[in-house]
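One structure is given here, and the rest of the page talks about it.
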Amino acid sequence: EHDYDLIAVSLNLQGFDGLRVCSQLRALERTRHTPILMLAEADDRRKVLQGLELGANDYISRPIDRNELIARVRTQVRRRRYSEALRNDMQASIEMALVDPLTGLNNRRYLDMRLPTLLEEAARRGRPLALMALDIDRFKSVNDGYGHESGDEVLRTFAQRVKNAVREGDLLCRLGGEEFVVLMPETDIDVAARIAERVRGAIEAELFAIEKGARSIPVTVSIGLAQAQGETEPEGLFRRADRALYRSKND
């Protein structure tokens, strides 16, 4: 419930095992990275070593000098904040690398990482996996006729409508431009077709607002489906879905 900068634990608590407290603090998600400073008696070397093994960061021996305590606390708090900044920067870098900034969906790089694993798992377990390829119809005319800002509005709305129409366990990615892919684990082609029809209807059902709501335009989507056939490489699955998508556009 609280975010602590540091937790000081006495190894000589009455009625409590200080080492067990340290262990529990390290086991809990909300205190896993919080610095632990142990307060120990001068002859508690064995307990101190055990505490350090359990994940405590530092210790100070009694009698406690005020200035030393302040210095050790400040050092641990600085280290924690530095580590948090590194973790946040790393998380932001990962998200930037794997998430499409316009739509908030996973991008092609993320798809390339996940699809081989999902194919291998489906082949090993003998379970179906379907891929839905989507392409917004005549999207170039939106950019040419209303400008790229309106095109971005259409892409964002399109992504949200598809996300709402597919299931929670389906993986929606933007490949680039107006091309999107939905991976559907544990799904055969018949079920995938029903989901694709739901997506198609959701896109066509309502006009798309552009120019910050000042105008609305109709948008439709073409969809191609393919089911994995025991392969562990994605090229064949993509190729079949692309062929189905081209047939959909031509028809």
Side-chain angles (χ1 to χ4, degrees), residues 97-100 102-145 148 151-152 154-206 208 217-251:
L98 302 178
V99 175
D100 172 51
L102 178 63
T103 63
L105 301 179
N106 294 117
N107 60 16
R108 178 63 182 261
R109 182 176 297 170
Y110 182 83
L111 178 67
D112 290 341
M113 289 172 53
R114 290 286 289 136
L115 182 52
T117 302
L118 291 175
L119 281 171
E120 289 178 8
E121 183 177 348
R124 186 181 72 254
R125 299 176 57 201
R127 303 297 297 167
L129 181 144
L131 185 146
M132 182 192 308
L134 307 95
D135 191 280
I136 300 176
D137 296 325
R138 297 173 291 278
F139 183 71
K140 185 175 184 298
S141 65
V142 176
N143 282 331
D144 292 345
H148 288 278
D152 289 347
V154 167
L155 288 169
R156 283 192 289 265
T157 303
F158 180 88
Q160 189 58 53
R161 288 194 192 179
V162 175
K163 187 176 181 179
N164 292 340
V166 299
R167 303 162 306 178
E168 185 174 344
D170 297 330
L171 176 61
L172 172 59
C173 301
R174 182 188 178 200
L175 297 188
E178 67 273 27
E179 298 179 11
F180 296 77
V181 159
V182 180
L183 286 177
M184 295 175 283
E186 304 283 337
T187 306
D188 62 29
I189 200 71
D190 293 330
V191 175
R194 292 199 292 271
I195 298 170
E197 177 57 24
R198 188 165 69 214
V199 171
R200 187 204 62 76
I203 298 303
E204 190 179 37
E206 296 182 39
F208 279 59
I217 59 173
V219 174
T220 60
V221 61
S222 295
I223 300 175
L225 293 172
Q227 181 177 331
Q229 298 176 351
E231 69 260 54
T232 57
E233 297 296 330
E235 287 77 12
L237 183 63
F238 264 117
R239 193 161 47 246
R240 295 194 300 276
D242 280 340
R243 285 201 296 264
L245 175 61
Y246 293 143
R247 287 198 301 272
S248 176
K249 277 203 172 292
N250 291 334
D251 292 344

Specify the closest pair of heavy atoms between [X] and [Y], including all atoms of both residues, with the distance to one decimal.
{"X": "L131", "Y": "A241", "result": "CD2-CB, 3.5 Å"}
{"X": "M113", "Y": "L98", "result": "SD-CD2, 3.7 Å"}
{"X": "D170", "Y": "P185", "result": "OD1-CD, 4.3 Å"}
{"X": "Q227", "Y": "P128", "result": "NE2-CB, 3.7 Å"}
{"X": "L119", "Y": "A228", "result": "CD2-CB, 3.7 Å"}
{"X": "A123", "Y": "E231", "result": "CB-O, 4.5 Å"}

Any donor and acceptor pair, going by atom type alone, linking the side chain of [X] with main-chain N or O of [Y] inside 3.5 Å?
{"X": "R127", "Y": "E186", "result": "no"}
{"X": "S141", "Y": "F139", "result": "no"}
{"X": "R174", "Y": "L102", "result": "no"}
{"X": "E178", "Y": "I136", "result": "no"}

Euclidean distance, [Y] [atom2] relative to [X] [atom1], rounded to 0.5 Å:
{"X": "L105", "Y": "L111", "atom1": "CG", "atom2": "CG", "answer": "11.5 Å"}
{"X": "D188", "Y": "L225", "atom1": "CG", "atom2": "CG", "answer": "11.0 Å"}
{"X": "R114", "Y": "L171", "atom1": "CZ", "atom2": "CG", "answer": "6.5 Å"}
{"X": "T232", "Y": "L115", "atom1": "OG1", "atom2": "CG", "answer": "10.5 Å"}
{"X": "M132", "Y": "I189", "atom1": "CE", "atom2": "CD1", "answer": "9.5 Å"}
{"X": "R138", "Y": "K249", "atom1": "CZ", "atom2": "NZ", "answer": "7.5 Å"}

Problem - Audit row: D135, Y246, side-chain contact (heavy atoms from CB on, under 4.5 Å) steps and yes/no - result: CA-CA 10 Å; D135 191 280; Y246 293 143; over 6 Å; no

Handout entry: Note: E204-R200 ion pair, threshold 4.0 Å (strictly below)
Key =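 Looking at E204 and R200, the cut-off is met.
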
Problem - Salt-bridge contact E235-R239 (side-chain N to carboxylate O under 4.0 Å) - result: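 Result for this pair is no, no salt bridge flagged.
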
Problem - Worked verdict on E197 versus R194 for side-chain contact (heavy atoms from CB on, under 4.5 Å) - result: CA-CA 5 Å; E197 177 57 24; R194 292 199 292 271; 5.7 Å; no

Practice task
Start with the C-alpha distance between V182 and V199, add both sets of side-chain angles, then the distance that settles side-chain contact (heavy atoms from CB on, under 4.5 Å), and finish with yes or no.
Solution key: CA-CA 11 Å; V182 180; V199 171; over 6 Å; no

Should [X] and [Y] count as side-chain neighbours, where that means a heavy-atom distance under 4.5 Å?
{"X": "T103", "Y": "F158", "result": "no"}
{"X": "V191", "Y": "M184", "result": "no"}
{"X": "V142", "Y": "F208", "result": "no"}
{"X": "F180", "Y": "I223", "result": "no"}

Handout entry: Other residues, nucleotides, ligands: >12 heavy atoms within 6.0 Å of K140 NZ
Key =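 No, the 6.0 Å shell around NZ holds no more than 12 heavy atoms from other groups.
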
Practice task
Establish, yes or no, whether the cationic atom of R108 lies under 6.0 Å from the six-membered ring centre of F238 and within 45° of the ring axis.
Solution key: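 The answer is yes, since R108 meets both limits relative to F238.
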
Problem - I203 and V162: CA distance, side-chain angles, deciding distance, side-chain contact (heavy atoms from CB on, under 4.5 Å) verdict - result: CA-CA 7 Å; I203 298 303; V162 175; 4.0 Å; yes

Practice task
With side-chain hydrogen bond (donor to acceptor under 3.5 Å, both in side chains) as the test, would you mind laying out the steps for S222 and D137 before giving the verdict?
Solution key: CA-CA 6 Å; S222 295; D137 296 325; 2.6 Å; yes

Exercise for the section: Start with the C-alpha distance between R124 and E120, add both sets of side-chain angles, then the distance that settles salt bridge (charged side-chain N to carboxylate O under 4.0 Å, His left out), and finish with yes or no. Expected result: CA-CA 6 Å; R124 186 181 72 254; E120 289 178 8; over 6 Å; no

